[in-house]
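For reference, the structure discussed in these notes is given below.
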Amino acid sequence: MSDPKRFLITSALPYANGPIHIGHLAGVYVPSDIFTRYLRIKGKDVISVCGSDEHGVPITLKARNEGITPQEVVDKFHNINKKAFEDFGITFDIYSRTSNKMHYETASQFFRTLYDRGVFIEKSSNQYFDPETNTFLADRYITGTCPHCGNDNAYGDQCEKCGTSLNATDLINPKSVISGSKPVLKMTKHWFLPLDKYQGWLKKWILEEHREWKTNVYGQCKSWLDQGLQPRAVSRDLNWGVPVPVEGADNKVLYVWFDAPIGYISATRELTDDWEKYWKDKDTRMVHFIGKDNIVFHCIMFPSMLKAEGSYILPDNVPANEFLNLENDKISTSRNWAVWLHEYLEEFPGEQDVLRYVLCANAPEAKDNDFTWKDFQARNNNELVAIFGNFVNRTLVLTNNYFNGHVPERGPLTQYDKETLKEITVLKEKVEKSLDSYRFREALKEAMNIARLGNKYLADTEPWKVIKDDRARVGTILNISLQLTASLTIILDPFLPFSVVKLREWLNFEPRQWDDAVVDPLLSAGHKINSPELLFRKIEDKEIDFQIEKLLLTKKMNREEESQLNPAKDNIHFDDFTKLDIRSATILDAEKVPKTKKLLKLTLDTGLDKRTVVSGIAEYFNPADIIGKLVSVVVNLEPRKIRGIESQGMILMAEENNGKLVFMSPAESVSNGSEIK
RNA sequence: GGCGAGGUAGCUCAGAUGGUUAGAGCGCAGGAUUCAUAAUCCUGAGGUCUGGGGUUCAAUUCCCCAUCUCGCUACCA
């Protein structure tokens with residue numbers, strides 16, 4: 001691996017609609033910070049940039065719900081998260097935000113450059129427009145009836161009941177979320193980045209030149225490239241975001257996926273006038289730390305943008321992590337299923353390193369992992385306290401007791417002494433090798449092995465016995481133990497920065513560079529050390545129980561929320577009711593609609609006729625099991641084509657809150673075609 | 001439905017280009033030890049490597065089928 005002149009580390013911009021949780025940390029920020037600190041202590045020219053991603057529809061929706069402005073929403077979370085990162089020791093050189101002026105300028109310029117160069121395709125299409133508020137409606141701003149499952153509250157991009165993704169124009173009875181009025185279709189123009197044009201280049205760049213990327217990253221890219229890329233819109237009709245810098249583009253902003261990664265550039269510009277050195281010099285190595293949900297944006301789209309612009313460098317690697325689960329459940333901001341960083345910092349003050357350690361040791365590098373509080377406790381008590389903390393404590397206490405806090409002279413070395421010292425070099429190189437290839441868990445394990453080595457060394461040499469008749473030998477043993485301890489302050493620096501600061505104080509030892517970890521001796525004989533405190537404290541069962549209780553409470557509240565019934569709908573006239581023609585019918589045949597997850601094609605005997613009905617129930621029923629079933633069916637519903645099959649009616653189902661479906665069947669056998677009223 | 005990643009000891013995870021007794025940490029059992037936050041050190045028990053086929057002298061590692069988990073994406077590989 002050739003050595004670049006400098007590094008540019010980016011960490012995924014957290015979306016400013018919620019606080020940071022352990023999933024973010026384990027997936028992105030802990031590894032990126034370890035990597036950055038590692039490069040810094042190696043004396044490399046490195047900058048780490050990040051910031052809040054503050055645009056996009058969800059933030060405007062949140063603002064509307066809470067009756068505040070989008071700016072107020074992002075101000076709140078930007079400040080919370082910026083502080084939480086700082087307090088947690090994530091050392092970004094700058095934590096910026098996409099709502100600031102520099103970003104608007106940078107993003108506009110970037111767009112304009114591509115625009116002037118004729119990179120974009122302009123396309124007009126019909127989109128829903130709210131005549132009352134005079135705005136185009138993003139998909140999320142439209143609700144209506146899902147054509148698949150009949151849910152009345154489906155969004156324009158997706159029905160959350162049946163999970164189908166939709167086009168806003170698919171919805172039956174569409175309704176504007178903003179005004180409640182019925183939207184109308186209106187022509188609107190958008191700009192598309194023709195990703196298909198970069199397909200050939202991307203294939204070569206990723207599939208041939210970056211085979212070393214992690215399998216999850218490489219596989220995902222390959223999947224996209226094999227499918228063939230399509231032009232993708234880079235603008236939206238919205239008034240929250242960076243305005244499209246083109247005449248006649250009123251109320252149009254840059255789409256977030258285009259806007260956000262440019263945030264890395266604007267953050268760098270804000271940090272230093274010398275920013276181009278980091279973005280445009282071939283001797284810079286850029287690394288994107290992200291979660292797996294961001295892979296295509298950072299490996300396909302952003303590189304295409306950079307390539308289209310032409311003067312920028314491309315990422316050298318994109319070490320995306322998988323996801324972290326919490327106590328066997330997916331972490332979810334909306335369901336409050338998370339360990340929030342700002343809460344952790346309050347509840348475990350001064351114990352940043354414990355969480356950093358646990359999240360690194362159990363990082364989801366190759367597959368989704370699970371965070372449990374019990375594991376958190378165990379790793380703290382059995383590893384940090386018992387291995388690292390304990391070794392340090394034994395060494396410093398012995399030195400204070402036997403040599404009054406002075407580093408003793410080193411006498412003649414035994415073979416074992418020499419091997420122990422040599423092992424530091426071996427382990428240091430292992431840590432390096434792992435970090436250089438983004439294997440952080442392995443790196444941490446090897447670093448901890450230095451403390452393990454120390455414990456074993458003390459157990460084998462038994463200075464507390466030897467002291468009775470060979471004080472000089474004990475001096476040598478402790479000298480070597482102190483050497484190990486000093487090395488630890490360097491090797492563990494990227495992982496456990498807070499502990500390392502304490503340890504250095506006790507050792508009375510200045511910060512040193514990475515390669516100094518194998519300098520011998522680091523502490524010269526006679527050097528005075530201070531008296532130590534404890535590096536880590538044991539975490540008690542009751543603290544863990546408290547955290548688990550907290551999560552159980554969340555579960556309970558979520559359940560209560562879910563079990564709340566929808567309020568009754570508005571009253572209707574009897575006439576409206578009599579318009580419905582519901583009959584009993586028998587299912588004659590049922591088969592899965594090919595290439596769908598939820599749809600069954602049913603043939604019914606309604607007494608009046610035999611007809612076909614498409615129903616979104618395949619997840620709950622096997623076709624074979626429901627043949628012969630007596631059901632209720634609305635027979636005068638206007639026929640509708642679903643997946644190319646004309647559905648002539650609707651089967652009545654009762655739906656539990658968890659989505660489970662139950663047939664509304666006559667309690668006793670009745671003849672087909674009997675009217676239900 | 002398609003595609004991608006994963007399913008390895010009780011738990012959390014490693015296992016590059018296939019090769020003699022499949023690894024680590026924690027947990028567990030036994031022993032040693034007391035300098036240390038009852039921490040440490042040694043030894044040991046524990047796996048039909050999701051299931052079923054196939055290729056090969058040889059497969060956890062390659063191919064096919066099934067199944068489960070996660071992610072991406074949907075008239076489309």
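Protein chains get the first letters and strands the later ones, always in sequence-line order, with residue 1 at the start of each.
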Among [options], which nucleotide has an atom closest to any side-chain atom of [X]?
| X | options | value |
| --- | --- | --- |
| A:Thr215 | B:G6, B:U73, B:U37 | B:G6 |
| A:Asn393 | B:G27, B:C72, B:A36 | B:A36 |
| A:Gln220 | B:G4, B:U37, B:U40 | B:G4 |
| A:Asp460 | B:C41, B:C72, B:U40 | B:C41 |
| A:Asn362 | B:U12, B:G25, B:U33 | B:U12 |
| A:Lys465 | B:A36, B:A24, B:U33 | B:U33 |
| A:Ala386 | B:C35, B:G71, B:U40 | B:U40 |
| A:Lys292 | B:C26, B:A36, B:C70 | B:C70 |
| A:Lys367 | B:U33, B:A14, B:A36 | B:A14 |

Under 4.0 Å from OP1 or OP2 of [N]: is there any side-chain N or O of [X] that close?
| X | N | result |
| --- | --- | --- |
| A:Asn381 | B:A39 | no |
| A:Lys456 | B:C42 | yes |
| A:Ser437 | B:A16 | no |
| A:Lys330 | B:G71 | yes |
| A:Lys538 | B:A39 | yes |

Look through every strand shown and name the nucleotide pairing with [N] as Watson-Crick or G-U wobble, where both distances are under 3.5 Å.
| N | answer |
| --- | --- |
| B:U43 | B:A29 |
| B:A5 | B:U69 |
| B:U56 | none |

Do side-chain atoms of A:His298 reach the backbone of A:Asn294 as a donor and acceptor pair under 3.5 angstrom?
yes

Under 3.5 Å donor-acceptor, A:Lys538 side chain and A:Val385 backbone:
no

Would you mind classifying the nucleic acid contact of A:Leu535 as base, sugar-phosphate or nothing, using non-hydrogen atoms under 4.0 angstrom?
base

